[in-house]
Amino acid sequence: MLYGFFFDNSRCTGCRTCEMACVDFNNLSVGRRYRRVIDYEGGSCELAADGTAKTTAFCYHVSLACNHCANPECVHVCPTGAMHKNELGLVCVDAHKCIGCGYCTIACPYHAPSIDPEAHQSSKCDGCTSRVERGKRPICVEACPLRALDFGEVDDLLARHAGTTSDVVPLPSSEYTNPNLYMRLSPAGESTRMGDGFIANSQEIENNHENS
């Protein structure tokens with residue numbers, strides 16, 4: 001069984017309701033987030049000789065948590081078996097085994113795991129396993145006001161959302177870990193290539209790991 005997330009890049013406004021719902025549900029300390037929103041911007045706006053504005057400016061948002069990959073690097077490098085796939089196929093941390101070595105935080109190309117500064121152990125999105133076991137969807141999915149997020153068994157998810165991809169700038173190539181993340185892209189997301197823009201909120205994202 002494989003579960004995954006669907007994200008509609010064309011609907012997301014970057015409101016961060018998904019982030020805040022996750023923080024509240026998991027009772028995370030200030031500055032820690034399991035789900036984060038990346039703001040990606042680029043292009044320019046120039047004034048032509050005739051006085052008209054010519055713009056190539058673009059902006060879009062990517063809501064990202066753990067992708068519960070088919071080939072999770074965090075699981076591969078964990079020396080104690082603490083990072084594992086549970087009976088639902090969701091990647092989780094066994095607190096009884098985690099020694100806080102941080103190998104998982106280095107190995108994950110999506111930077112999903114981080115070290116809890118109080119427990120000194122790895123922690124991350126577990127796909128809201130406790131909710132999924134009761135037939136509910138993850139809290140971030142339920143909270144999204146634009147319905148830009150969905151969750152379910154991969155076959156069902158792909159049946160509901162045709163024409164998806166697992167790749168968008170600035171995320172790493174999906175070939176590394178085969179993430180169970182399926183996205184519908186906005187026109188900007190479809191046309192942007194690496195180097196066309198920049199992460200506008202990089203400090204916000206980096207702070208999550210600095211705090212860990």
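For clarity, every value in this text was computed on a predicted model and none was experimentally measured.
The shortest non-hydrogen separation linking R147 to V141 is NH1-O, 4.3 Å. Shortest non-hydrogen contact noted between R16 and V37 is NH2-O, 3.5 Å. What you find for I139 and A21 is that their closest heavy atoms are CG2-O, 3.9 Å. Scanning both residues, S63 and C18, for their nearest heavy atoms gives OG-SG, 3.3 Å.
Under a cutoff of 6.0 Å and an axis angle of 45°, R35 and F5 form a cation-pi pair.
Side-chain contact between L90 and D126 is absent, with no heavy atoms from C-beta onward closer than 4.5 Å. Looking at C104 and C78, their side chains never come closer than 4.5 Å, going by heavy atoms from C-beta outward. Looking at heavy atoms from C-beta onward, H61 lies out of side-chain contact with C15 at the 4.5 angstrom threshold.
Between R137 and E142, at least one side-chain N (NZ, or NE/NH1/NH2) sits under 4.0 Å from a carboxylate O, which counts as a salt bridge. Under a 4.0 Å N-O distance rule, the pair E118/R32 does not qualify as a salt bridge.
With hydrogens and angles ignored, the 3.5 Å screen pairs a side-chain donor or acceptor of T55 with a backbone N or O of S44. Formation of a donor-acceptor pair under 3.5 Å by the H76 side chain with backbone atoms of C74 is not found in this model. Remark: side-chain polar atoms of S166 are paired, donor with acceptor, to backbone N or O of L181 under 3.5 angstrom. Checking side-chain atoms of R36 against main-chain N and O of I205 turns up no donor-acceptor pair under 3.5 Å. Of the possible donor and acceptor atoms, one in the side chain of Y40 sits under 3.5 Å from a partner among the backbone N and O of G197. Between the side chain of N201 and the backbone N or O of E204, no donor-acceptor pair lies under 3.5 Å. One N or O on the side chain of T192 and one on the backbone of A188 form a donor-acceptor pair closer than 3.5 Å.
Other residues, nucleotides and ligands contribute over 12 non-hydrogen atoms within 6.0 Å of the CG atom of N178. The local environment of CZ in F198 is crowded, with over 12 non-hydrogen atoms from other residues, nucleotides or ligands closer than 6.0 Å. For Y3, the OH atom is densely surrounded, since the number of other residues' heavy atoms within 6.0 Å is greater than 12.
For H120, the ring-ring contact (aromatic ring centres under 6.0 Å, His included) criterion is met by no residue, not counting sequence neighbours. Applying the ring-ring contact (aromatic ring centres under 6.0 Å, His included) rule to F25 yields no partners; only residues at least two apart in sequence or on another chain are considered.
Here the two rings, on Y182 and F6, have centers that are 6.0 Å apart or farther.
Atoms OH and CD, from Y60 and E41 in turn, are 11.0 Å apart once rounded to the nearest 0.5 Å.
Each salt bridge (charged side-chain N to carboxylate O under 4.0 Å, His left out) pair with one or both residues in residues 156-185, not counting sequence neighbours, appears once here: D8-R184, D150-R160.
Using modelled atom types, one finds no donor on one side chain facing an acceptor on the other under 3.5 Å when comparing N67 with T177.
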Any chance you could lay out the side-chain contact (heavy atoms from CB on, under 4.5 Å) test for L2 and K85, step after step, and finish with the verdict? CA-CA 10 Å; L2 288 176; K85 283 199 170 191; 3.8 Å; yes
